[in-house]
Structures are given as structure tokens and as C-alpha cells.
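Remember, it's 1-based here, ligands and their atoms both numbered in the order they're listed.
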Amino acid sequence: MTKKILVTGGTGYIGSHTVVELQQAGYSVVVVDDLSNSSLDVLDNIEQISGTRPAFEQFNLADAAQTDDFFSRNQDIAAIIHFAASKAVGESVKIPLHYYRNNLVSLMNILDGQLKYNISNLVFSSSCTVYGQPDKLPVTESTPRKDAESPYGNTKRVNEDILQDSIKAYPQLKGIALRYFNPIGAHPSALIGELPLGVPQNLVPFITQAAAGLREQISVFGDDYDTPDGSAIRDYINVVDLAKAHVVAIERLLQNKNKAGYEVFNLGTGNGYSVLEIVHGFEKATGVKLNYKIVGRRAGDIVKIWADTSYANKELGWKAEKGLEETLLSAWNWEKRVRGIN
Ligand code: WQD
């Protein structure tokens with residue numbers, strides 16, 4: 001019997017790549033998304049890659065009645081991967097109530113549905129942002145979390161606590177929080193990828209749009225940090241490697257291999273790259289010259305972070321495999337397909 005997985009936010013960037021990996025691992029997938037930050041044609045492209053169009057329902061999971069109705073009609077769900085959330089760091093500072101309501105209430109409605117309809121397994125999309133600026137690098141899963149730099153980051157931290165406390169109170173639940181570092185790149189088919197609405201906040205989509213001529217110049221936010229070239233360092237992980245880790249996490253829960261009701265894993269590569277190394281790495285990987293300038297630091301940015309991946313490697317038997325240049329090239333191939341550039 002094919003197991004059915006609910007992927008919330010499944011038409012989004014990481015969600016769509018995870019739907020493809022789940023289907024290719026033999027699972028049937030139902031996607032719930034409110035399409036506030038993605039579009040329906042992602043389902044066409046998923047179908048083109050995997051040969052199977054996932055089931056789809058459009059509604060916002062912060063709506064308790066619609067979420068309960070969905071679960072009442074989908075009691076055969078074996079596990080849930082919860083991506084759906086508002087995720088723009090800067091926007092969250094401007095409209096915090098929207099972020100707290102949308103991100104926290106959605107998770108609570110899902111947990112209500114799990115308890116009511118006996119769905120035990122949940123994988124939660126968390127973020128390295130919960131660590132703030134770590135005192136010691138690389139970051140392990142026991143590195144203390146710090147006050148978030150933004151309401152967005154705080155919703156990730158609070159949602160981890162909601163999940164952990166719910167699992168403690170209701171032992172029929174079990175869950176895994178996956179703390180992503182910086183997801184970048186696109187599926188090798190170039191049929192799915194990152195397509196931010198408006199001006200991209202994140203570095204790599206801004207770079208690919210600049211390379212495509214949509215953006216005049218790349219601003220490098222600061223080169224006076226305490227790093228080798230002065231620009232900030234992050235752990236950039238290929239989105240397909242990240243998607244594969246979700247299949248591993250789901251199977252860990254379905255096969256009862258989890259060693260505790262609530263588990264946390266860092267999903268990074270273990271390598272830190274600076275902004276300038278990403279800029280030059282993109283030029284090397286694609287042959288496209290980038291126009292960039294050094295400007296002031298961006299408020300809320302941390303200086304450097306990268307993961308200690310040993311726990312995820314050992315416990316999950318998962319490791320990020322794709323290198324930086326291959327990943328940056330995949331992002332460029334996606335951008336070229338979206339913009340009709342040969
Ligand atoms: C990376 C580096 C910028 C844009 C955020 C969230 C995290 C996750 C990923 C959702 C920083 C610099 C950026 C630009 C630049 N999001 N930069 N010029 O801030 O590390 O992480 O996005 O899950 O949770 O916190 O990612 O790509 O915005 O920035 O110099 O035009 O690139 O200052 O040093 P970030 P980012």
C-alpha cells in the first residue's frame with residue numbers, strides 16, 4: 001500500500017523539490033498551499049519531472065475549519081512535512097502580527113488535526129536562524145538557540161517549542177525539526193527552482209536575476225566583517241540535497257527509527273562561503289561576469305555561520321553531496337529557463 005504524505009507549502013521552493021523526491025521514493029503526495037508565494041504551474045512542472053501530479057488543495061492552514069475539514073477527508077495520511085509559512089525576514093519586521101498568526105496558528109491547527117485523526121508523524125521546516133550569531137563554530141544541534149533577529153526567526157524558534165511540548169504532552173506524536181542553513185540552487189531539470197516575488201531578498205536569486213539583466217547591480221552588504229575577505233559567511237546547501245534529507249527524516253519516523261519523540265537535525269554542508277566567494281563562484285561556474293558593489297551592512301545580518309554535519313551524517317545516514325559550482329550553475333540554468341534565455 002503506497003503511503004500518503006502531506007506536504008504543506010508544496011508549491012514553494014523547498015517544498016516542490018521535496019515533493020519530487022518523495023514521489024521518486026515511491027510515496028503518494030498531497031500538497032496544501034495557499035499560493036500566496038507560489039503558483040499552480042509548479043504542479044505541472046513537478047508532474048513533468050516525476051510523471052505524477054500530486055493531489056492539491058488550496059487553503060491557508062491558519063484557518064482551523066478548513067484545516068480540520070481537510071484532515072477529516074485525509075485520515076490516511078502517514079506523515080506530514082510542514083513547510084507552509086511566511087518567510088521574508090525583512091517583511092516580518094514590518095508586519096509581525098501576520099507572521100506570528102500565520103506561522104504559529106498553522107502549526108497548531110496541524111497538530112490539532114494530527115491528534116484528532118491519529119496522524120503521528122511530523123517533519124518541521126526549521127532554520128539555522130534559531131542559533132542567531134553562534135559563539136562557537138561550527139554549529140551543532142546542541143548549540144544554544146539565541147534570541148531571533150526577526151519575528152520570522154522567532155516563529156521558527158517558537159514553533160520548535162510548540163512541537164516539542166506537544167510531543168511531550170501527547171506521546172502518540174513524534175516529530176523531527178530540520179534546521180536548514182542556506183538553501184540554494186534548482187532541480188537539474190531546471191523545471192523547478194526559486195522564484196521570489198518582487199525584489200529577491202536572498203543572495204543567490206538576486207545574483208541570478210542580475211545575471212539575467214533584471215537587476216542593475218548586486219549590493220554586497222558589507223566587507224568589513226571579521227572574515228577572511230570581510231564579507232559575511234554562510235553554509236549554502238543544494239536544495240535537492242536538502243529535499244532528499246526530508247525523505248530520510250520521513251522514513252526515520254515511519255520506520256520508528258527515531259531515538260526520541262522529538263529530534264533536531266542541522267542540514268548544511270559543513271562549509272562556509274563568503275558573499276564574495278559566492279559572487280566569484282557564480283562567475284566561474286557560469287562564465288557570466290557580475291556587476292557588484294560593496295555597500296553598508298544589512299540590519300539583522302549575522303557575521304558567520306556554518307554547520308557541524310556529523311550528527312545528521314551519522315544518525316540519518318545523509319550527507320550533502322552537490323558542490324557549490326554545480327549548485328550555482330543549476331540556479332543559473334533555472335533562471336535562464338524562466339526568462340527564456342538560451
Ligand atoms: C546571505 C548573505 C547577506 C542579498 C535568510 C534567512 C534564513 C533563510 C535564508 C528562510 C548575507 C548577503 C544578501 C544581497 C548580500 N530563509 N546578501 N546582498 O540572511 O543568511 O538567511 O535566508 O528560511 O532563515 O535568515 O540569507 O541569502 O538573505 O543572505 O550581500 O542582495 O548574503 O548580507 O550575508 P540569510 P540571504
Neighbour count >12 (heavy atoms, 6.0 Å) for atom CD, Glu216: no
Salt bridge (charged side-chain N to carboxylate O under 4.0 Å, His left out) against Arg157, all qualifying residues, sequence neighbours excluded: none
Ring pair (Phe, Tyr, Trp, His ring centres under 6.0 Å) partners of residues 85-129, not counting sequence neighbours, each pair once: none
Mutual orientation of the aromatic rings belonging to Phe59 and Phe70 [parallel < 30°, tilted 30-60°, perpendicular > 60°]: tilted
Ligand-protein N/O pairs under 3.5 Å (ligand 1):
{"unit_1": "ligand 1", "atom_1": "18 (N)", "unit_2": "Ser219", "atom_2": "O", "d": "2.7"}
{"unit_1": "ligand 1", "atom_1": "19 (O)", "unit_2": "Arg298", "atom_2": "NH2", "d": "2.9"}
{"unit_1": "ligand 1", "atom_1": "20 (O)", "unit_2": "Asn182", "atom_2": "ND2", "d": "3.0"}
{"unit_1": "ligand 1", "atom_1": "20 (O)", "unit_2": "Arg234", "atom_2": "NE", "d": "2.7"}
{"unit_1": "ligand 1", "atom_1": "22 (O)", "unit_2": "Asn202", "atom_2": "ND2", "d": "2.9"}
{"unit_1": "ligand 1", "atom_1": "23 (O)", "unit_2": "Tyr152", "atom_2": "OH", "d": "2.7"}
{"unit_1": "ligand 1", "atom_1": "24 (O)", "unit_2": "Ser127", "atom_2": "OG", "d": "2.9"}
{"unit_1": "ligand 1", "atom_1": "26 (O)", "unit_2": "Asn182", "atom_2": "ND2", "d": "3.1"}
{"unit_1": "ligand 1", "atom_1": "27 (O)", "unit_2": "Asn202", "atom_2": "ND2", "d": "3.4"}
{"unit_1": "ligand 1", "atom_1": "27 (O)", "unit_2": "Leu203", "atom_2": "N", "d": "2.8"}
{"unit_1": "ligand 1", "atom_1": "28 (O)", "unit_2": "Gln201", "atom_2": "O", "d": "3.4"}
{"unit_1": "ligand 1", "atom_1": "28 (O)", "unit_2": "Asn202", "atom_2": "ND2", "d": "3.0"}
{"unit_1": "ligand 1", "atom_1": "28 (O)", "unit_2": "Arg298", "atom_2": "NH1", "d": "3.4"}
{"unit_1": "ligand 1", "atom_1": "28 (O)", "unit_2": "Arg298", "atom_2": "NH2", "d": "2.9"}
{"unit_1": "ligand 1", "atom_1": "29 (O)", "unit_2": "Arg298", "atom_2": "NH2", "d": "3.3"}
{"unit_1": "ligand 1", "atom_1": "30 (O)", "unit_2": "Ser219", "atom_2": "O", "d": "3.4"}
{"unit_1": "ligand 1", "atom_1": "30 (O)", "unit_2": "Phe221", "atom_2": "N", "d": "2.9"}
{"unit_1": "ligand 1", "atom_1": "33 (O)", "unit_2": "Asp301", "atom_2": "OD2", "d": "2.5"}

Salt bridge (charged side-chain N to carboxylate O under 4.0 Å, His left out) partners for Arg101, two or more places apart: none
Over 12 foreign heavy atoms within 6.0 Å of CG, Asn291: yes
